[in-house]
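Letters A, B, ... are given to chains in the order of the sequence lines, protein chains preceding strands, and every chain is numbered from 1. Bear in mind the structure is a predicted one, so any value in this text is a computation, not a measurement.
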2 protein chains.
Amino acid sequence: MNKRRITLKDLSKELGLAVSTISRALDDHPGISPETKERVKQKAVELGFTRNSIASSFRKSKTLAIGVIVPQIDIHFHSLVISGIEEYAHKSGYNVTIFQSRNSFKREKRITETLQNNMFAGVIICQGAETRGIDHFKKLKKMKMPMVFYDRVPIGFEANKVIINDFESSLRATEHLIEKGCKNIAHIGGPQTTGIFKSRYEGFRKALENHHLEVSSEFIQFTKGLTYDEGLSAARALLSHPVKPDGIFCSNDYTAVSAIQVFQKNGFKVPDQVAVVGFSNYPISKIIEPNLSSVNDRAFEMGQAAAKLLIRQIEEDGEDLIESEIVTLKTELIVRESSSKK
Amino acid sequence: MNKRRITLKDLSKELGLAVSTISRALDDHPGISPETKERVKQKAVELGFTRNSIASSFRKSKTLAIGVIVPQIDIHFHSLVISGIEEYAHKSGYNVTIFQSRNSFKREKRITETLQNNMFAGVIICQGAETRGIDHFKKLKKMKMPMVFYDRVPIGFEANKVIINDFESSLRATEHLIEKGCKNIAHIGGPQTTGIFKSRYEGFRKALENHHLEVSSEFIQFTKGLTYDEGLSAARALLSHPVKPDGIFCSNDYTAVSAIQVFQKNGFKVPDQVAVVGFSNYPISKIIEPNLSSVNDRAFEMGQAAAKLLIRQIEEDGEDLIESEIVTLKTELIVRESSSKK
DNA sequence: CTGAAAGCGCTTACAG
DNA sequence: CTGAAAGCGCTTACAG
């Protein structure tokens, strides 16, 4: 037999106080005497009362739950972001519910429909790679759902966003290679249909331009998903040309590791003959030998910032002073051995 | 001005049908005529009605939310487990809310208190390293909260659990080294206060015993957290002895990578002079050179199995036929170059 | 400082 | 096949 949960009514009977008084006492409502509060709280502990937060949310028609839509949670970048979100949300009394779109547009749309059911106070979203159109986001916006996007954000859609400056970060990373004396710098990049990878490529180009360096088209290797295996192929392609690069800027760390390994295996010294810089500062950058220089993309802080922005929006509640805000986090180039030429 | 959400009552007025009929029609209740169902559903779409699931949960006093307590979500093993949980839960119509204990016992206790508020239909838990006692779990159990533990599970507490056979897996991994001809096998292990790491060590011991091999205490290196850096120290300690190991079994992949690097740097050939096997089959095992042999710990499947077990328990609802169940997943030793001696 | 009462939006047992 | 009504547990505006 299931024991029934203790309710306010039970406490009310036990203590001979009105249900409303009990509720207020537990809330530390100002107009309740300290003695009463004490009695009520003691009894609540004694009977093992916990407020039914479903009933409470229902009555107040607001919840303390945040939804997060990510392409895939077991990608380190995303799990770090979620960790940051959870950290900040937890401090503020919110729960975090995760949804994986697995880069399926259909699934992403279905999730946004689920989110329209009042369960969530707000949503944090990283778009899937396959996302076409933004009607599903527009629908959420129309029903005033507080929203924050991060990393892969919809363009041409006014909303709160937390991003890093991919262009600027890549420009600086490439300039670092130039300062180290590299003249023939190659790039291993991601799909150019994705804004952030396009920006990283453009930052790379801009750095070369600023320093009047040329780059032949064979030195630009775009991959579909920046995987380790694609990185191996890209690096081999770079090696197949008569002129060899003396520096490589990669749009993530996996491909940078591939580049290091392929060049080393072919007798090149890293960093002296070819310097390599990656992007994301994954744990592997401190493990691979030589240690990999990489742009710290601030994933954890990105999560915290997104949660902060969202919760502010949830709690300011209607005073639509701010239409939307774009927070750009500062990145940092972490220089390690792979680009430390003498 | 906020538009008010559409409710059943609105549909009722629009269609001249009772609220109860609307509710049932949307539910595909058998006793409603197909024509009525059609009309109702059409109108619902037209007005953009979505059921208020808070109200529904409240009324039915059950939710479709699962809570997951993990030490830290940005550890690859846990993010993979969560991915598996989300995958299965999503298919079954459940949401997944995550909580990080960050290995703090205090935090873990606080989270279990949060979970007692009716918001969650069940919980999946991986204990924190610091957990002392199980009173907080007992409390959850007493209020009939469906629970499943995975990986680091409480001993002496009857509950559903999903685990792998750490002892057996380690025994086999060590025997693999023995079959490859290793005679002096060392071990880099985790804290022996944690059950799974103790079992891995014991599996290692058992394999040696089965083959009448001795091991000196200097060959057993326990670390606090199996980190890469601790692995480096442990490997150096192994090297500092006059007799060198010709095989190393490590309780995770990070320390295995450390071992490979330290031994290589000191002129040892891996696998020919020293063969190495890790545990967990992390992505890095396919990247490090030589590629690392490792035990696939089935993290994703563990998540799926845990979700399946939990949801079954939630939905069987009272028919307490099964007191508790322990699911043991089969692991698999993935042999790669690091242990492929000729 | 405390209480009585209404009502949030839904579901379901009961009635016809 | 459809409807009227009760009620889940809480919060809050109103009254005193």
### Message
Which residues in residues 38-53 of chain A have a heavy atom closer than 4.0 Å to any atom of DNA chain D?
### Response
F49(A), R51(A), N52(A)
### Task
Check every nucleotide of DNA chain D for an atom under 4.0 Å from a heavy-atom of chain A, then give the first and the last such nucleotide from 5' to 3'.
dG9(D) to dA13(D)
## Note on the structure
Annotated structure of DNA chain D as dot-bracket, pair cut-off 3.5 Å, Watson-Crick or G-U only, | for inter-strand, is |||.||||||||.|||
### Message
Are L329(A) and V162(A) packed together at the side-chain level, in the sense that at least one heavy-atom pair is separated by less than 4.5 angstrom?
### Response
yes
### Query
Can you name the residues that form a salt bridge (charged side-chain N to carboxylate O under 4.0 Å, His left out) with K41(A), not counting sequence neighbours?
D28(A)
### Query
Can you check whether V96(A) reaches F99(B) side chain to side chain, under 4.5 Å on heavy atoms?
no
### Task
Tell me, with the steps shown, if E315(B) and K62(B) meet salt bridge (Lys or Arg N to Asp or Glu O under 4.0 Å).
CA-CA 10 Å; E315(B) 298 188 344; K62(B) 69 171 133 178; over 6 Å; no
### Message
So S57(B), base contact, sugar-phosphate only, or nothing? Heavy-atom distance under 4.0 Å.
### Response
nothing
### Query
Given side chains that start at C-beta, do those of K161(A) and V327(A) come closer than 4.5 Å, heavy atoms only?
no
### Query
So what does L17(B) touch, heavy atoms closer than 4.0 Å: a base, only the sugar-phosphate, or nothing?
sugar-phosphate
### Task
Name the nucleic acid region contacted by S20(A), choosing base, sugar-phosphate or nothing; use a 4.0 angstrom heavy-atom cut-off, strictly under.
base
#### Entry: Ring center gap for Y88(A) and Y94(A) short of 6.0 angstrom
no
### Query
Closest nucleotide of DNA chain D for A55(B) versus for R59(A): which of these residues is on the 5' side?
A55(B)
### Message
Give me each pair satisfying side-chain hydrogen bond (donor to acceptor under 3.5 Å, both in side chains) with a member in residues 12-25 of chain A, each pair once, sequence neighbours excluded.
### Response
E14(A)-K43(A)
### Query
Does any non-hydrogen side-chain atom of Q116(B) lie less than 4.5 Å from one of M145(B)?
no
Let me check something: any side-chain donor-acceptor pairs from residues 67-87 of chain A under 3.5 Å, sequence neighbours excluded? List them with distances.
residue: Q72(A); atom: NE2; partner: D74(A); partner atom: OD1; Å: 3.2
residue: Q72(A); atom: NE2; partner: D74(A); partner atom: OD2; Å: 3.4
residue: D74(A); atom: OD1; partner: S83(B); partner atom: OG; Å: 3.4
residue: H78(A); atom: ND1; partner: Y150(A); partner atom: OH; Å: 3.0
residue: S79(A); atom: OG; partner: H76(A); partner atom: O; Å: 3.1
residue: S83(A); atom: OG; partner: D74(B); partner atom: OD1; Å: 3.4
residue: S83(A); atom: OG; partner: Q100(B); partner atom: OE1; Å: 3.3
residue: S83(A); atom: OG; partner: Q100(B); partner atom: NE2; Å: 3.3
residue: S83(A); atom: OG; partner: R102(B); partner atom: NH2; Å: 2.9
residue: E86(A); atom: OE1; partner: Q100(B); partner atom: NE2; Å: 3.1
residue: E86(A); atom: OE2; partner: Q100(B); partner atom: N; Å: 3.2
residue: E87(A); atom: OE1; partner: R102(B); partner atom: NE; Å: 2.6
residue: E87(A); atom: OE1; partner: R102(B); partner atom: NH2; Å: 3.3

### Message
We want to know whether S57(B) and T63(B) form a side-chain donor-acceptor pair, criterion being a heavy-atom distance below 3.5 angstrom.
### Response
no
